[in-house]
Number of protein chains: 2
Amino acid sequence: MKLYDFTIAPNPRRVRIFLAEKGVEIPTVQVDLMQGAQFSPDFSKKGPLNEVPVLELDNGVCISQVNAICRYIETKYPQNPLYGSTPEEIGLIEMWNHIAFMNGIGAVAESFRNSAEMFKDHALVGPHAYAQIPALVGRGNQRTLDFFADTNQHLANHQFMAGDNYSVADITALVAVDFAQWIKLDVPAEHEHLKRWYAEVSKRPSAQA
Amino acid sequence: MKLYDFTIAPNPRRVRIFLAEKGVEIPTVQVDLMQGAQFSPDFSKKGPLNEVPVLELDNGVCISQVNAICRYIETKYPQNPLYGSTPEEIGLIEMWNHIAFMNGIGAVAESFRNSAEMFKDHALVGPHAYAQIPALVGRGNQRTLDFFADTNQHLANHQFMAGDNYSVADITALVAVDFAQWIKLDVPAEHEHLKRWYAEVSKRPSAQA
């Protein structure tokens with residue numbers, strides 16, 4: 001098994017943190033997105049969307065999409081479950097994980113991919129060329145600030161994103177907050193609950209992954 | 001348990017098809033999105049994003065997000081698994097389910113929500129007002145056509161979206177293709193593999209849900 005990775009990118013980091021929490025090590029191969037290595041003929045065969053992370057199994061099957069890779073790992077290595085155990089936990093964790101992905105990672109990516117020169121003709125992930133849309137920079141920034149405010153309010157009554165236990169939803173939200181540095185947005189000082197949670201999840205050893 | 005639903009909307013239909021495939025019945029409550037009922041004070045307490053579907057458990061806990069509701073149901077009613085059984089199946093199904101959501105449902109929604117009068121100040125789901133962006137209508141249409149083409153190519157070598165078995169990824173892709181009617185886009189006649197698959201999944205009784 002090997003994980004196609006690019007150390008500085010947010011989405012592969014979600015998988016690396018997940019692996020660290022599980023205590024599982026998988027060899028990684030760097031795919032230099034800054035050089036467009038995701039569009040090479042060889043790497044294009046490893047997934048439909050020319051992106052990292054991709055998990056290549058020993059039989060050659062390739063799995064892309066962070067949530068899919070993490071589900072594979074969760075099923076193969078059930079220790080330290082990060083997707084919950086009971087139906088209710090499983091539902092709530094997937095709910096908050098998806099919200100953190102759409103409104104956190106998605107918001108920052110919207111701003112970043114519509115402004116960064118390297119994504120000039122690839123404002124969306126994948127093989128197709130979609131032009132940048134300037135109006136999405138401002139909308140992405142606003143959505144990121146709304147994500148901070150909404151998450152702060154949610155964490156006023158919850159220790160972690162999906163309740164009393166650390167889960168994959170915390171990994172997604174943590175990476176979203178750190179990814180916001182790429183568009184120069186910090187969590188505002190008044191969001192005390194988000195800051196409390198951020199300090200707690202950031203000090204776990206997995207956050208260094 | 002009850003499911004907050006709106007019959008004509010695509011996302012609740014994904015849950016209804018899922019339930020039909022599992023052979024599980026849950027009472028539904030209609031939330032009239034055309035009248036803005038998702039923003040009523042009562043319904044606003046049932047989830048952070050003012051959307052349907054929402055699954056309300058008997059203890060009052062509410063789960064939103066289609067994938068979260070379906071995961072809850074899959075865990076509680078394990079018969080006829082729609083998310084796979086082995087780690088590899090589970091990973092591949094989640095991968096193709098996510099791609100069908102992002103590039104299928106997401107593409108059509110991008111076009112529709114940025115053009116329909118009813119979403120004038122709510123181009124994105126949730127409580128925040130985001131204005132429509134005219135450039136996203138054309139981009140959403142193009143992404144929908146690209147989704148058709150990409151899925152056609154994928155299905156040239158696969159009976160179903162994630163391989164040999166019908167799964168939740170087929171439900172998401174089916175609803176995406178039907179949702180494209182809302183933006184007046186049909187699967188082009190030359191996409192024979194997509195048409196073969198569409199005929200097959202549409203004739204299952206669950207498609208009427």
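Every chain is numbered from 1, with letters handed out A, B, ... down the list of sequences.
- With a 4.5 angstrom heavy-atom cutoff, Glu94(A) touches chain B via backbone and side-chain atoms both.
- Heavy atoms from other residues, nucleotides or ligands lying under 6.0 Å from CD of Glu190(A) number more than 12.
- Proximity to chain B is limited to the side chain of Asp150(A), based on heavy atoms less than 4.5 angstrom apart.
- Interface residues of residues 132-141 of chain A toward chain B, defined by a heavy-atom distance below 4.5 Å and sorted by number: Ile133(A), Ala135(A), Leu136(A), Arg139(A).
- Within residues 157-170 of chain A, no residue has a heavy atom under 4.5 Å from a heavy atom of chain B.
- For Gln30(B), the CD atom sits in a packed shell: over 12 heavy atoms of surrounding residues, nucleotides or ligands are nearer than 6.0 Å.
- Side-chain atoms of Arg71(B) and Arg71(A), non-hydrogen and from C-beta on, do get closer than 4.5 Å to each other.
- Heavy-atom minimum distance, Cys62(B) versus Leu92(A): O-CD2, 3.8 Å.
- Counting all heavy atoms, side chain and backbone alike, Gln142(A) lies closest to Tyr130(B) at CG-CE2, 4.2 Å.
- Listed here is the closest heavy atom pair of Pro48(B) and Met95(A): CD-CE, 3.5 Å.
- Note on Arg143(A), Lys76(A), Gln153(A): by heavy-atom pairs under 4.5 Å with chain B, the leading option is Arg143(A).
- Smallest separation of non-hydrogen atoms from His98(A) and Phe101(B): CE1-CE2, 3.5 Å.
- The local environment of CD in Glu25(B) is sparse, with at most 12 non-hydrogen atoms from other residues, nucleotides or ligands closer than 6.0 Å.
- Proximity to chain B is limited to the side chain of Leu49(A), based on heavy atoms less than 4.5 angstrom apart.
- Under the side-chain hydrogen bond (donor to acceptor under 3.5 Å, both in side chains) criterion, Ser206(B) pairs with Glu21(B), sequence neighbours left out.
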Which atom pairs, one a donor and one an acceptor, fall under 3.5 Å between side chains of residues 177-188 of chain A and the rest of the protein, sequence neighbours left out?
from      : atom 1 : to        : atom 2 : distance (Å)
Asp178(A) : OD1    : Tyr198(A) : OH     : 2.4
Asp178(A) : OD2    : Arg13(A)  : NH1    : 2.9
Asp178(A) : OD2    : Arg13(A)  : NH2    : 3.4
Gln181(A) : NE2    : Asp186(A) : OD1    : 2.5

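- Residue Ile93(A): no heavy atom, backbone or side chain, is found under 4.5 Å from chain B.
- The contact between Glu88(B) and chain A is made by backbone and side chain atoms together, counting heavy-atom distances below 4.5 Å.
- For Ile69(A), no part sits under 4.5 Å from any heavy atom of chain B, backbone or side chain.
- With respect to chain A, the highest number of heavy-atom pairs below 4.5 Å among Pro127(B), Ala131(B), Pro87(B) belongs to Pro87(B).
- With a 4.5 Å cut-off on non-hydrogen atoms, Glu89(A) does not touch chain B at all.
- Of the residues considered (Thr86(B), Val125(B), Ile90(B), Val66(B)), Ile90(B) shows the highest number of contacts with chain A, using heavy-atom pairs under 4.5 Å.
- In plain terms, the two heavy atoms of Ala68(B) and Gly91(A) that are nearest each other are CB-O, 3.2 Å.
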Begin with the C-alpha distance, continue with both residues' side-chain angles, and end with the deciding distance and a verdict on side-chain contact (heavy atoms from CB on, under 4.5 Å) for His128(B) and Asp146(A).
CA-CA 8 Å; His128(B) 302 291; Asp146(A) 291 339; 3.7 Å; yes
